[in-house]
Amino acid sequence: MTFKNPLIPAFFYKFIHFCHIPAASPFRPKGSLYQPILDTFQTESIKWFFCFNLFNVDILGATQLTEHDNDQIVQRKKNLQEIQALGYLPYPASYKATETVTSVVKSHSEKSKEELESEKKEVKVAGRIRAIRKMGKAAFITYSDGGEQLQIYLRSNEVGEKSWQLFNLLDLGDLIGAKGILFRTKTGELSIHAEELDFLAKALTPPPDKYYGLHDKEMRYRQRYADLIANHDVREVFIKRAQIVRETRKFFDERGYIEVETPMLSPLATGAAARPFVTHHNALDITLYARIAPELYLKRLIVGGYERVYELNRNFRNEGLSIKHNPEFTMLEFYQAYSDYTELLEMTEELIHSLAVSTTGKEEIEYEEQVISFARPWTRFTMREAVIKYWPQEEKPTLEALIDIDQLRQLAELISIKFDPKSNAGQLLGLLFENLAEPHLIQPTFITEFPTELSPLSKQSLVDPRFTDRFELFVACMEIANGFSELNDPAEQRARFEQQMKLRERGDEEAMVIDEDYIRALSYGMPPTAGEGIGIDRVTMILTGQRSIRDVILFPHMRPEK
RNA sequence: GGGCCGUUAGCUCAGCAGGUAGAGCAUCUGGCUUUUAACCAGAGGGUCGCUGGUUCGAGCCCAGCACGGCUCACCA
């Protein structure tokens, strides 16, 4: 076997240099330290390759002390140095495990002590050390693959000199491999009776407290890796999130939808009411916006003849952060031709119900000390009905009052809700709804009949054009979904955009921008279509019992450190 | 952006009327061949977020700043 590489002379030079490192570091490698390792390789070429590898894995860097090192890091670097001296690679490239900790635990948890003894099953398994219990010449190591935990039992006289020496240099958090026979201890715990230990990687930074874990929220979000190592339930949340996303895709795939990807960077930030992130494309010398919604692109695809499309991806909104808002969040949007909003409403019920059952196993879940029932059918109110239902006074407004601008102003004043005097009737009704009804919508509730002024992309109701054929779903007082029959009349769409532009001119930064190409697309003829967006982060929050959106986003945005 | 709260050992947290800092885990030394938050004996470890002020003396009181959490407003 030959290893031909024109760079070998360079490696050679590095290697020579490497072997003559001045005594600058307190952990300067001894001159002949690597010779035994190199000697085990027969060919010169492999030797050089290996030499490069050793050099590249930063033996010096990893064990060099810095002024920031505390006593624990110093100790761990020393241990790594000694592990190398024993002949182990400090950061080997792979480990040929026969299975994972989780698979071993899952497949053997039911087996009795006697069964295991007769099977004498040999396994080779890798994991991270979570606990070490040493008793003189024997010891237990608990290690984990992130999922399950497994115990290794070692005896100094059985495991071999080299493995035992390695064991004495191991620290909590290190990654190791163990080979041995599965058995059950006196106390009945499934364990590997170790024949051999392997060293796979060093944890130079100690892991969080093995019992109390990592609580500091700032550190949990900034160093999610440490959070995931320490807190098993955090890991579970993101596994469930993946399950929710997977099943959502399956739900739409099974219904004849195709998944599409539309621009994340676009010359117009439109399709929703929000302030965008702004960036610049150098080659084209144009301003681009991170998308606030894919809506208008998806409907162009409906025009183009894909009758069912969905996109499950990120939206970006340059707005405040809160327990419910992250600057980037995951939105599912889907569009279905020849359907109206009532069909999507039913579908939403079906989708969320099935997600709830598959991720939690039940129709009823606990969230924020409330029991939320996803048993169908869910409550439905028009926006005005909801306002009336939750009106705080004995004397309630009439349906007609709730769409009349003068009466709405009086009503808002009556219950001292502050409003912008320039607000139109639809905006005022929306304001009353948010203030009075939203805080009560704990159980899944559909709100329908949205004012046209609040719905620039929705089709007007045939029975009353002041309202649109639109709904929103609320769960746990959060807006989860927003769906409507899509406005497909290009003339009416232009009028709505112009209405929005007027709001913009009056200083409403979040009002929508006109999209001429979208109107052109509509002019080719868009079939009657219903479309919807569902906030995946919020669905995940509810189904995993998390109060903060930061707990369902792996790397939530924070101010940079220092 | 406003209000409230927080920041102490590697991790989790105590600390008081203002008198130079404590515990558990982790680390180090010794003991222990089926333990499991292993145990027993001993040891080391701190710029008490930063900067200034008050004071004989500040982790503690005051001011400013930084970072974070919660909350209100805008938003999904």
Side-chain angles (χ1 to χ4, degrees), chain A residues 68-76 78-79 113 130-142 149-159 164 171-173 183-191 193 203-223 226-227 229-231 271-276 292-293 314-333 418 420 431 434-435 438 472-474 477-482 508-510 533-539 541 547-550 556 558-562:
Chain A
H68 306 296
D69 290 348
N70 59 47
D71 59 333
Q72 314 218 25
I73 293 179
V74 169
Q75 186 58 41
R76 282 159 185 264
K78 278 185 191 160
N79 288 347
K113 198 175 164 97
R130 304 189 73 98
I132 296 175
R133 296 176 291 281
K134 190 182 168 186
M135 280 145 298
K137 295 190 173 64
F140 291 93
I141 299 173
T142 302
Q149 293 195 359
L150 185 60
Q151 189 173 256
I152 304 166
Y153 177 56
L154 297 109
R155 293 169 120 161
S156 60
N157 59 336
E158 291 171 352
V159 81
W164 186 252
D171 293 294
L172 299 186
F183 78 111
R184 245 173 231 293
T185 61
K186 279 207 290 219
T187 51
E189 179 153 345
L190 182 67
S191 312
H193 200 131
L204 293 176
T205 301
D209 188 279
K210 66 180 173 186
Y211 186 65
Y212 291 100
L214 182 62
H215 284 195
D216 183 272
K217 285 195 182 179
E218 181 177 354
M219 210 196 289
R220 286 190 41 225
Y221 299 144
R222 287 195 196 280
Q223 300 185 36
D227 188 26
I229 289 170
N231 299 318
R275 276 181 293 172
I292 56 175
R314 228 68 64 78
N315 285 351
F316 307 86
R317 299 193 182 172
N318 203 344
E319 284 159 352
L321 291 82
S322 85
I323 200 169
K324 291 179 190 168
H325 300 88
N326 193 60
E328 53 184 300
F329 61 101
T330 300
M331 181 79 117
L332 162 72
E333 282 205 18
K418 283 184 198 151
D420 182 344
L431 190 68
E434 279 169 28
N435 279 280
E438 238 185 75
E472 283 191 357
L473 170 65
F474 290 85
C477 314
M478 283 192 290
E479 187 189 329
I480 297 298
N482 174 20
D508 184 350
E509 279 185 74
E510 285 165 3
I534 296 182
I536 295 297
D537 309 279
R538 290 183 175 179
V539 170
M541 283 166 71
R547 203 171 109 73
S548 169
I549 197 168
R550 290 197 183 101
M558 298 180 85
R559 197 167 268 127
E561 280 179 272
K562 286 169 193 172

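Letters go in sequence order (proteins before strands), and every chain restarts at 1.
Here the closest non-hydrogen pair linking A/Glu510 and A/Arg275 is CG-N, 4.0 Å. Scanning both residues, A/Thr142 and A/Arg133, for their nearest heavy atoms gives OG1-NH2, 3.1 Å. Heavy-atom minimum distance, A/Lys134 versus A/Ala139: CA-CB, 3.9 Å. When all heavy atoms of A/Thr330 and A/Asp537 are compared, the pair lying nearest together is N-OD2, 2.7 Å. Of all the heavy atoms in A/Phe316 and A/Ile292, the pair that sits closest is O-CG2, 3.3 Å. Scanning both residues, A/Ala481 and A/Ile534, for their nearest heavy atoms gives CB-CG1, 3.8 Å.
Nucleotides B/rC13 and B/rC75 are separated by 36 Å at their P atoms, to the nearest Å. The P atoms of B/rU7 and B/rC60 are separated by 11 Å, rounded to the nearest whole Å. Annotation: B/rC16 and B/rC61 have their P atoms spaced 12 Å apart (nearest Å). Taking atom P on both nucleotides, B/rG49 is separated from B/rC11 by 14 Å, rounded to a whole Å. Across the C1' atoms, B/rC48 and B/rG6 are found 14 Å apart, a figure rounded to whole Å. The P atoms of B/rG45 and B/rC28 are separated by 15 Å, rounded to the nearest whole Å. Using P as the reference atom, B/rA9 and B/rA21 are 14 Å apart when rounded to the nearest Å. B/rC65 and B/rG57 have their C1' atoms separated by 25 Å, given to the nearest Å.
Distance from the side chain of A/Lys210 is smallest to B/rA38 among B/rA38, B/rU34, B/rG69. With distances taken from any side-chain atom of A/Glu510 to the nucleotides B/rC75, B/rC67, B/rG10, the minimum falls on B/rC75. Distances from the side chain of A/Arg547 to the nucleotides B/rU71, B/rA37, B/rG68 place B/rU71 closest. Distances were taken from every side-chain heavy atom of A/Ile323 (C-beta onward) to each of B/rU35, B/rC70, B/rU12; the shortest belongs to B/rC70. The A/Met135 side chain lies nearest to B/rU33 when the options are B/rC11, B/rU33, B/rC75. When each of B/rG10, B/rC75, B/rG69 is scored by its nearest atom to the side-chain atoms of A/Arg317, the top-ranked nucleotide is B/rC75. Of the listed nucleotides (B/rC67, B/rU34, B/rU12), B/rC67 has the atom at the smallest distance from the side chain of A/Arg559. Closest to the side chain of A/Ala138, out of B/rC67, B/rG10, B/rU33, is B/rU33. Side-chain proximity of A/Ala131 to the nucleotides B/rC75, B/rU35, B/rA38 is greatest for B/rA38. Closest approach to the A/Arg550 side chain among B/rG69, B/rC75, B/rA26 is made by B/rG69 (side chain taken as heavy atoms from C-beta onward).
Where stacking is scored as ring centres under 5.5 Å apart with planes under 30°, A/Phe140 registers as stacked on the base of B/rU35.
Counting non-hydrogen atoms under 4.0 angstrom, A/Gly533 reaches nothing in the nucleic acid. As judged by a 4.0 angstrom heavy-atom cut-off over every strand, A/Asn326 is placed among the base-contacting residues. Note on A/Arg130: nothing from the nucleic acid sits closer than 4.0 angstrom, heavy atoms only. The residue A/Ala273 sits close only to the backbone: its heavy atoms come under 4.0 Å of sugar-phosphate atoms, none of a base. Residue contacts for A/Met478: at a heavy-atom cut-off of 4.0 Å it reaches no nucleic acid atom on any strand shown. Among the atoms of the strands shown, only primed sugar atoms or phosphate atoms (P, OP1, OP2) are found under 4.0 Å from some heavy atom of A/Met558. Residue A/Phe316 is classed as having no contact, given no heavy-atom separation below 4.0 Å to the nucleic acid. No contact: A/Ile480 has no heavy atom under 4.0 Å from any strand. At the heavy-atom level, A/Asn315 lies nowhere under 4.0 Å from the strands shown.
The residue among A/Asp71 and A/Ser156 whose nearest nucleotide of RNA chain B is located toward the 5' end is A/Ser156. Checking A/His215 against A/Asp171, the closest nucleotide of RNA chain B that is more toward the 5' end is the one next to A/His215.
Counting atom types as modelled, A/Glu189 pairs no side-chain N or O with a base atom of B/rU34 as donor and acceptor under 3.5 Å.
A/Tyr153 and A/His193 have perpendicular rings, their planes meeting at more than 60° on a 0 to 90° scale where under 30° would count as parallel.
With a cut-off of 3.5 Å on both Watson-Crick or G-U wobble distances, the partner of B/rA38 is given as none.
Neither OP1 nor OP2 of B/rU27 sits under 4.0 Å from any side-chain N or O of A/Gln75. At B/rA38, one or more side-chain N or O atoms of A/Arg133 fall inside 4.0 Å of OP1 or OP2 (strictly under the cut-off).
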